[in-house]
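First listed ligand is number 1; within each ligand, the first listed atom is number 1.
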Amino acid sequence: MSFRTTPSVDYVEDVSPGSGALPPRAWYASSDARSLSLNGSWRFRLSATAGAEDDSFAEEGYDAGNWAEVTVPGHWVLQGDGAFGSPIYTNHLYPFPVDPPYVPTENPTGDHLRVFDLPSDWPSDGGAVLRFDGVESCARVWLNGTELGEFKGSRLAHEFAVGELLKPGSNVLAVRVHQWSAGSYLEDQDQWWLPGIFRDVTLLHRPAGSVADFFVHASYDHTTGEGTLRVDSGVDGRVLVPALDIDVATGEPVTVAVEPWTAETPKLYDGVLATDGERVPLRIGFRTVVLEDGLVKVNGTAVLFKGVNRHEWHPERGRALDLETMREDVLLMKRHNLNAVRTSHYPPHPAFLDLCDEYGLWVIDECDLETHGFTEQDWRDNPVDDDRWTPALLDRAARMVERDKNHPSIVFWSLGNEAGTGRGLTAMAEWIHGRDPERLVHYEGDWNCRDTDVYSRMYAFHDEVEKIGQQLDGGTHKRRELPFIQCEYAHAMGNGPGGLADYQELFEKYDRLQGGFIWEWIDHGVKHAELGYAYGGDFGEELHDGNFVCDGLVFPDRTPSPGLIEYKKVIEPVHIEGDGANGIVRITNKQDFADLSALAFEWSCQVDGETVESGSLSVPALVAGESAEVKLPEPPVDGRGGERQWTVRALLANDTSWAAKGHVVAWGQFAVGARPLPSFPATDRPVVEEGRITLGPAWFDARTGALLSIGGVEVGATPRLDVWRAPTDNDDGAEWQTDTRYGMLWRTLGLHRMRHRLVSVEAGDDALTVRTRVAPAAREVGLDTVYRWTSDGERLRLSVSVTPEGDWTVPLPRLGVRFGLPEADRVEWFGGGPGEAYPDSRTASMVGRWQSTVDRLQTPYVRPQENGARADVRWVELGGLRIEGDPEFWFTARRWTTEQLDAAQHRTDLAAGDTVWVNLDHGLHGVGSQSCGPGPLPQYFLKAEPVEFSFVFSTTR
Ligand code: IPT
């Protein structure tokens, strides 16, 4: 065999999908045909350009002894401690000149070499196939010195026939991977650019007469309760489903009574496809997906999607996920009441789809296609509207559909994401509709819905969504007939998203609105020794989009963020509302299919947040959509006149595959009566002596009116008005937003540098009154602020009254007081918890008695920002103080100041000081999701208007 010394690299910039690979087919694991995983340690050599090295490394006998090593599956830029380059993060900008189909000469190229022994008992009959499940972005492959071909389509499987080339004993597999290729123009998803062989490499024996490809058609007729199964196969065989007594030939339909598959009831029947050559296990789910009456219906019922966009991500391994990580995603989704996933923006590892079938999640399987960067040139030269690229687009569509067609969980095929419009997309849709008329086609980029079966949008604001629900949105004739989903909404970047409950209300109100998919599942933070988690720019990229890549419902380590807890509550499958005064609870089954028999209900009654009585509640097994009213027992009498409330919970009655018996699925709380407010007779009078004022248990500085201590607890900085919060990603908003971005305006106005002017300190008969004016430099707006201190001898009450002056055109970030405590760790409170809440993200905040520590009150957003507020706090105890609110307040405590939090770029920038900073807020501005969607709705604005609020301080020591 001879090799050219300067190999041609033309294929890298060729728009074609590649050459030499086998046609796409279903992905499956045979029960008896042999396979050999080629995952593991491979020899690795990195070059700066595509053609830097000749291809002699592919030859047998080549000595790669001095090469480095990488783990396959993996991305080389995440291995070798920086020796193999770094990840690059851009949202939609191509990190190379837009010059299609050309890519830079600087094109990191990784030569991978693996010498493997063919097992001695590897069968000698039949053929063999070498399968690559994912390589970014272009690979050229040789086995034992013979070139097999080259391919693009990073997140799609490619197979090569290798039977003739395999040898007993040692075999040499060589793979050259280029980071950039013509294919990169089709893979402009908002994520890290991560080259490498990042999914499995497997050698599959293909016995004579083995299944080449097969297509399971398993429909369900909800009018008869029967399913019809037909398995089409390239090679004739028999289809066996023992539980259904099915034993038919391939291609032959059979109709029997079955339990249908739904995401709520994921019934799978185990079967076998047996040909002369092998037995293939089948997991069959019977369901029928149709577009009917302008709705997406499964088994005759319209579905409400409570979904999320999932990228594949692991903070150390990037997009090379193991099965346990995939399972963790699915379990977390199920435990948080999600019922749907959009595989943004490429087909996932096939094992993830097996898990969706098994545990029950509706899936939008999305093609590996995005050309978003062309938006910079008004979509000129967009590959999806250029016939030269159409073969590549069709290849990608076919590789997705053929690989994944046997998964009952998939209800939509999605053409891709953010690729504009064009003939190539139409060609893909036509091909998919022809190949699989039993599923629907999704694509968001064409609002006229020329090629799609659903009207899909991203980040539409609430008011527009409502119009769409009311069918007042106009649009093409075709679009008016279609149901609506938000394939992306509620951008979960940093603190937020706010406004989820308001969206859900709309989705539930209008039939046409069939739900949505939160953007997105996980923060793509890269684990980093100095920074905690790195994001865009942390690897010195010349173009990047910062922490826009950290916008998930779970943190990079998959700890649920408050956004996920909120979403779980907002989409709970059972609605529990009550009339506390009359002791009646109304339970509604909000599922689409299942009755309530899987759930047990419990009631409990709390007095001042402490559970005093509880019991089980018998609730009929309501069918989907049904409601019932159930009487609660008599509430316990509380002699002390405390605050009484009911809590009713729906729990799993038995262990399930995704959570244990007792797992809380839904809950509701309602008051028996109103909260009794703290009473406070002002009996003590302030006494002025030697520069100090004494009032009950407290000392003040007579000159400034500053509080110095209460009952021996030193107060580091007197409680004084505070309006600033470290802007969240949603406060800052995205630069392309057309509505007002208050985070920016707040800073321009100077709300982060308010000055406090002391007007007077008056020690009166029953109160110490401190008058101030709080305002930013250079502005005439201000907040007239009066602190009025009184005491009943033991306790101290602070009433703050605030009167805005001037023309306040912006809402305030927060309004309350801030002070410092020298020592505080343990925190106990009666109010909303256990986690953080903000005005438009407080659905999951449960009123009760909670305990935590100052450290655990913090929510570790990857880019530090305002976080950790607890809602509806009646009282809190920390650092030797007890603080009661009139009315309830928002409580926050942290070991750094708001200013330090604001300045921090990574978690590791935050260092605990010796003061615990406490904020007691009367109001907070909503959070919204303006980092890519609407800001807070008007009802969640914290308007600058006259207010008064009080706190009662006492000591606990
Ligand atoms: C939208 C993208 O589809 C998604 O991939 C992600 O980038 C998201 O935004 C923001 O995080 S596109 C945007 C222009 C609405």
Q: Using the side-chain contact (heavy atoms from CB on, under 4.5 Å) criterion, which residues pair with Gln939? Sequence neighbours excluded.
A: Asp502, Leu937
Q: Could you go through ligand 1 and list every pair where one of its N or O atoms sits under 3.5 Å from a protein N or O, giving the atom names and the distance to one decimal?
A:
from	atom 1	to	atom 2	distance (Å)
ligand 1	3 (O)	Asn417	OD1	3.4
ligand 1	3 (O)	Asn417	ND2	2.8
ligand 1	3 (O)	Glu488	OE1	3.2
ligand 1	3 (O)	Glu488	OE2	2.7
ligand 1	5 (O)	His345	NE2	2.7
ligand 1	7 (O)	Asn91	OD1	3.4
ligand 1	7 (O)	Asp190	OD2	2.5
ligand 1	11 (O)	Asp190	OD2	3.4
ligand 1	11 (O)	His491	NE2	2.7
ligand 1	11 (O)	Trp519	NE1	3.0
ligand 1	11 (O)	Asp551	OD2	3.1

Q: Lys527: what forms a side-chain contact (heavy atoms from CB on, under 4.5 Å) with it, not counting sequence neighbours?
A: Pro315, Glu316, Tyr533
Q: Trp447 ring centre to Arg479 NZ or CZ under 6.0 Å, with the angle to the axis within 45°?
A: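 That pair does not qualify as a cation-pi contact.
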Q: Go through the side-chain N and O atoms of Asp404 and Trp27 and say whether any donor and acceptor fall under 3.5 Å apart.
A: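 No.
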Q: Using only heavy-atom distances, determine whether the side chains of Glu370 and Asn417 contain a donor-acceptor pair under 3.5 Å.
A: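 Result is yes, a qualifying pair exists.
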Q: Which residues satisfy the side-chain contact (heavy atoms from CB on, under 4.5 Å) test with Ser929, sequence neighbours excluded?
A: His491, Pro497, Asn730, Pro934
